[in-house]
Enquirer: 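Have a look at this one before I ask anything.
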Amino acid sequence: MPDDSDFREYVTGRLDKLRRTAYLLCGDWHAADDVTSTAIMKLMRRWPRIRELENIDSYARQTLLRTWLDERRRPWRREWATAVLPVRAVTAADRVVDERLAILGHLAALPARRRAVIVLRFYEDLSVEDTAEVLGCSTGTVKSQTARALDTLRAALVPAPDDAEEATR
Amino acid sequence: MNLQEMLKAAVADPPPPDIDLDALARRERHRRHVVRWASFGGGTALVLAVAVAAVPLLGSRAGLPTPGIGPELVVPTVQSTPRLRASETPQQAAVAAHLTTVLQSLGPDLGVGPEVSFVVEQGEWGAAPDGHWYAARWNFDGVQLAVIVRRAMIPLEDACAKNGAGLSCRRIEERDGSVSYFAEDVDGGTRQAENYRPDNVALMVTATGPAVFNEETLLTVTRLDGWSLTG
């Protein structure tokens, strides 16, 4: 690696965002760090070509996502969908913490591609077209996967009535 | 709280990262070092093998009897002489000549004229650990074709990930232990077939332009038995 200063600068600036996205996909910070590290290694190897791209962020996001999908395919990394966390009445003070745990549980219960669609559309705030590009599928697939994932989440989450409509935005 | 807010809240307080960029850079340097030395070792073995084979050949040319050495050790002749560059070694020229022979055998099916030949190219290119590869380029029916032969290991990971957005790609595990990839630009402008072999020879055939050649044709070219880097 003759000069990796621009690579370091790029990764340092995006590390936090990549980790958070990986966490939503993995549901575990240790696994998220593993996936992020592997994705960074891949980016490092291809940096001489990647640095010329117009949208490096899109490439990095795609690399992270595919790394996660690849990791899940390995036999020792296969995960089982967790049972949906029980929803119970909570006090206002507990509510944010419980919602945080609940959403991770519900995300983990989604099939991988649907989970990815939700994270890309609602956390990364990508358009349907951009999400399709990252996932390498059609926009129609993204829309249908989003709709099914939201149906599952809607059934699992018990939000206040006014939140229900917002969540399906 | 809507879904976006829930997702943002879920990642609001991340623990300190367990990612050491220095360690990752060291690992990558180490990996490159190992690959470089592995290819150097392979190259040295190749040169020695050529040297051992060349000694009796030179001896016979000098009028010395060399029982048991047949014409198969002679560097293959080709219909068209490959373009030699000052930087090419005799061994590289021999490999280019051999590859050109294989390419010429494809003939009219791929519009390979007698002027098409392989040349040695060199530079920094991803997984080409020995720093050079062999390329032949030509045009046929408005299609730009390129065949590249290089030394590369079979990717352990799904190398489809290397392709950016806008490409469809699939990996094919072949019966002979090799691994093929076929990638296609979603616009249909470029189609590329690759075959990575257990002997660390990788073939890449790229067709840019009208869809004259389909996936099967391009993959068939990459799977030809004759491709090798031993001249």
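So that the names make sense, note that chain A is the first sequence line, chain B the second, and so on, each numbered from 1.
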Enquirer: Select, from A:T12, A:L24, A:D125, A:I50, the one with the greatest count of heavy-atom pairs under 4.5 Å involving chain B.
Expert: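 Max contact count across the listed options: A:L24.
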Enquirer: Hydrogens and angles aside, do A:T139 and A:E129 bring a side-chain donor and acceptor to less than 3.5 Å of each other?
Expert: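 Looking only at side-chain atoms, A:E129 and A:T139 do not form any donor-acceptor pair under 3.5 Å.
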Enquirer: Show every side-chain hydrogen bond (donor to acceptor under 3.5 Å, both in side chains) that has at least one partner inside residues 139-148 of chain B, sequence neighbours left out.
Expert: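 Found none.
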Enquirer: Which residues pass the ring-ring contact (aromatic ring centres under 6.0 Å, His included) test with A:W29, not counting sequence neighbours?
Expert: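 Only A:Y23 meet the ring-ring contact (aromatic ring centres under 6.0 Å, His included) criterion with A:W29.
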Enquirer: Side chain from CB out, backbone as N, CA, C, O: work out which of these in A:N55 comes under 4.5 Å of a heavy atom of chain B, or both, or neither.
Expert: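 A:N55 has no heavy atom closer than 4.5 Å to chain B.
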Enquirer: At a heavy-atom separation under 4.5 Å, does A:L15 approach chain B through its side chain, its backbone, both, or neither?
Expert: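 Only the side chain of A:L15 comes within 4.5 Å of chain B.
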Enquirer: Counting only heavy atoms closer than 4.5 Å, note whether A:R19 contacts chain B via side chain, backbone, both or neither.
Expert: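 Answer is side chain: those atoms of A:R19 sit under 4.5 Å from chain B.
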Enquirer: Decide, yes or no, whether a salt bridge links B:R150 with B:E194 under the criterion of side-chain N to carboxylate O below 4.0 Å.
Expert: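 Judged by the 4.0 Å cut-off on N to carboxylate O distance, B:R150 and B:E194 do form a salt bridge.
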